[in-house]
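Being a predicted model, the structure only gives us computed values, none of them experimental. Both backbone and side-chain heavy atoms feed into the values below; hydrogens, waters and symmetry mates do not. Labels below follow one simple rule: chain letters A, B, ... track the order of the sequence lines, proteins then strands, and each chain is numbered from 1.
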Amino acid sequence: MEFRARFAPSPTGQVHIGNIRTAIFNWLATRHNKGTFLLRIEDTDLERSTQDAIDKLLDCMKWLGLDYDEEIMYQTRQSDLHKQAAKKLVEQGSAYPLNPAEEHSPILFRLPYECDGMKFVRQVGRVRLELAPGSAVQLNQAGVVYQTVSPKGKTVENAATLAGFKDLEILGADGSVLFRLDETTRGQLPSNPQEKMTVENAAALSFVRREVFYHDLVKGDLAKPLDSMKDFIIVRSDGSPVFHLANVYDDMQQRVTHIVRGDDHVENTYRHLFLFEALGFTPPQYAHLPMIVNKAGKPYSKRDGDAFVGDFREKGFLPQALFNYLSLLGWSPGDGREKMSKEELVEAFTIERALRSPAQFDMAKLTNMNALYIAELPEEEFRRAIGPYLEKFCLEAVGSPLLDQVAALMHSRTKTFADVAHWNYFFRSAEKLEYDAKALKKFLSDDMIRRSVSEFAEILETLPERCSAAEIESKIRAVEEKYGIPQGKLNQPLRIAVTGSTIGAGIYETIELIGSAESALRIRKALERKAE
RNA sequence: GCCCCUAUCGUCUAGAGGCCUAGGACACCAGGUUUUCAUCCUGGCGACACGGGUUCGAAUCCCGUUGGGGGUGCCA
């Protein structure tokens, strides 16, 4: 069977990891099934949709390798077709204006009373609903409004579509039938939504409950009582079609067979099923993905500035790492594999294995995975990849003859490319070097250490500019021996003096790269600084 | 309020009635390798939300409670 899925974002800002995760799952499911992956830009919210957002979206998709197969569909360009569809729905009685008297009225979709034949509707049985004593029930062809008493004793108003109340009987306190809904009386109900027929002194509602049901590929069997639903707006008062109509129409036109989208659309599905039916189409298969939540366990909001795909790129994450990580949020291959190539993911991915509950985004795990991907980068590629980050975070390194060697030395220590910000001590002159004051105090206070470090600096000055790490080590050992300092004790003080920091690559290699004279200079500076 | 969904270590997850004394990964802690850091290796800490059922047997099935999320007439 043909498999056609789509990613249908609305371009109203930055691309969010939740959105892109939906795109990834769609893409994986499609590629796994050798289907067609479509991209549709749902830009019908004219107020908030921008070209800039569209550009960013396309950029993110390209970065992550989410390629699509057919022309991009822009929903605004479908507008006329949507309006025609709305007109057709009104003509066939599937939709009606909220205010027939007004020229500009929203159009509502009518949940059909005659729906027992539909594949996604089933009867649950006759139910009885107690009303607030002596309350009135209002009804028309759009729906029923009635009062019930909440557990706390408050009277609350309920409204639902007429279709929710098959064979409705409004009962009085004595059990008498005040009103019975049948073919004849249904025709007599006001067709104008603004007009209502009122039944006074009602005590209970009795009706055959029906529910809408469907099988969700990830959430399983889902159902919702029809009497908890209302007719819904499909055309705004300004004549523009809303999401429900546009979305369903376009899915229909693009012959989408599988809709993979966020959890927040589950409730829409019950309505869309009827829309497909009214438009004469078989509904597609649905799969609703749980949301991704932030560190606080809450859904990401626009305020969570660190959840945009573009930010991950800027922070130095590899697209394949982000892709891999995101694919594991709410899905797993089931065999314990985590680090997987795109090909392996495509091979293993089935939407049915997606989880039903929300997943929390974990920066630490992403970072770990990114480090794994960086580590396996060939040296040459690593050098190429850090380029843009050097320009941003470590300008001194750009063009330096030392760069390649520094990169090789620091490769295994790089978790995100933004880490190159810590490389500047290799390239910065002694004057500009920044020192970790605490470490300086800790490792360069002892007199014996200071004298020996100073002596090592003197030795360095006599050495050739590029001296091997092994040679440097032997010189350090010699100084340690002379002063009776335990082997290796000088490493850390020297590291502070030369790099300003307690962490970094091997100090011998570091001195080798920085050069004898420059290293000696730095040691002297550090000693001066401490002396101040 | 009403409707829908959901609940395994701090986090991501394995688990589809006996293979579970609940497995893996990240994080964390301890030890080892290493001149520090990172890598790598070993070990440790650590969970089936709660209460009822069903069953010879439940993390797995059912009901309830609680927590979380979503929806609830002109956002998508």
Check: A:S237 side chain, B:rC74 base, donor-acceptor under 3.5 Å: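 Yes, a donor-acceptor pair under 3.5 Å.
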Any N or O donor-acceptor pair linking the side chain of A:R495 to the base of B:rU36 at under 3.5 Å?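 Check passes, donor-acceptor contact within cut-off.
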Tell me whether the OP1 or OP2 atom of [N] has a side-chain N or O from [X] closer than 4.0 Å.
X      : N      : answer
A:R21  : B:rC12 : no
A:K230 : B:rU72 : no
A:T44  : B:rA76 : yes

Using the P atoms only, state how far B:rU11 lies from B:rC50, rounded to an integer number of Å.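 Comparing P positions in B:rC50 and B:rU11 gives a spacing of 15 Å.
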Any donor-acceptor N or O pair under 3.5 Å, side chains A:D221, A:H215: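 Yes, a side-chain donor-acceptor pair sits under 3.5 Å.
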Using a distance-only test with no angle check, is there a side-chain donor-acceptor pair under 3.5 angstrom linking A:T148 and A:N158?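 Side chains of A:T148 and A:N158: pair found under 3.5 Å.
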Which nucleotide, [options], lies nearest any side-chain atom of [X]?
X      : options               : answer
A:L355 : B:rU6, B:rA14, B:rC3  : B:rA14
A:K224 : B:rA76, B:rC3, B:rU36 : B:rC3
A:K415 : B:rU39, B:rA14, B:rC3 : B:rU39
A:V242 : B:rC75, B:rA7, B:rC74 : B:rC74
A:K219 : B:rU13, B:rG73, B:rC5 : B:rC5

Are A:R236 and A:D238 close enough for a salt bridge, meaning some N to O gap below 4.0 Å?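 A:D238 and A:R236: not salt-bridged.
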Is the closest basic N to carboxylate O distance between A:E480 and A:K475 below 4.0 Å?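 Between A:K475 and A:E480 there is no salt bridge, as every charged N stays at least 4.0 Å from the carboxylate O atoms.
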On RNA chain B, nearest-nucleotide positions of A:R353 versus A:Y508: which is more 5'?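 Here A:R353 is the residue nearer the 5' end.
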On RNA chain B, does the nearest nucleotide to A:L329 precede the nearest nucleotide to A:A505 from the 5' side, or the other way round? Give the residue.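 This one resolves to A:L329.
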Would you indicate what A:S412 reaches in the nucleic acid, counting non-hydrogen atoms under 4.0 angstrom: base, sugar-phosphate, or nothing?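 Base contact.
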Using a heavy-atom cut-off of 4.0 Å across all strands, would you classify A:G488 as base, sugar-phosphate, or nothing?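 Here A:G488 touches no strand at all.
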G-U wobble or Watson-Crick pairing nucleotide for [N] (cut-off 3.5 Å, both distances):
N      : result
B:rA58 : none
B:rC50 : B:rG64
B:rC29 : B:rG43

If you restrict it to nitrogen or oxygen atoms, what contacts under 3.5 Å exist between nucleotides 23-26 of chain B and the protein, and what is each distance?
| from | atom 1 | to | atom 2 | distance (Å) |
| --- | --- | --- | --- | --- |
| B:rG24 | N2 | A:E338 | OE2 | 3.1 |
| B:rA25 | O2' | A:E338 | OE1 | 2.6 |
| B:rA25 | O2' | A:K365 | NZ | 3.2 |
| B:rA25 | N3 | A:K365 | NZ | 2.9 |
| B:rC26 | O3' | A:N368 | ND2 | 3.2 |
| B:rC26 | O2' | A:K365 | N | 3.4 |

Return the value, rounded to whole Å, for the distance between atom CE of A:M410 and atom P of B:rU36.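 Going from CE in A:M410 over to P in B:rU36 covers 15 Å.
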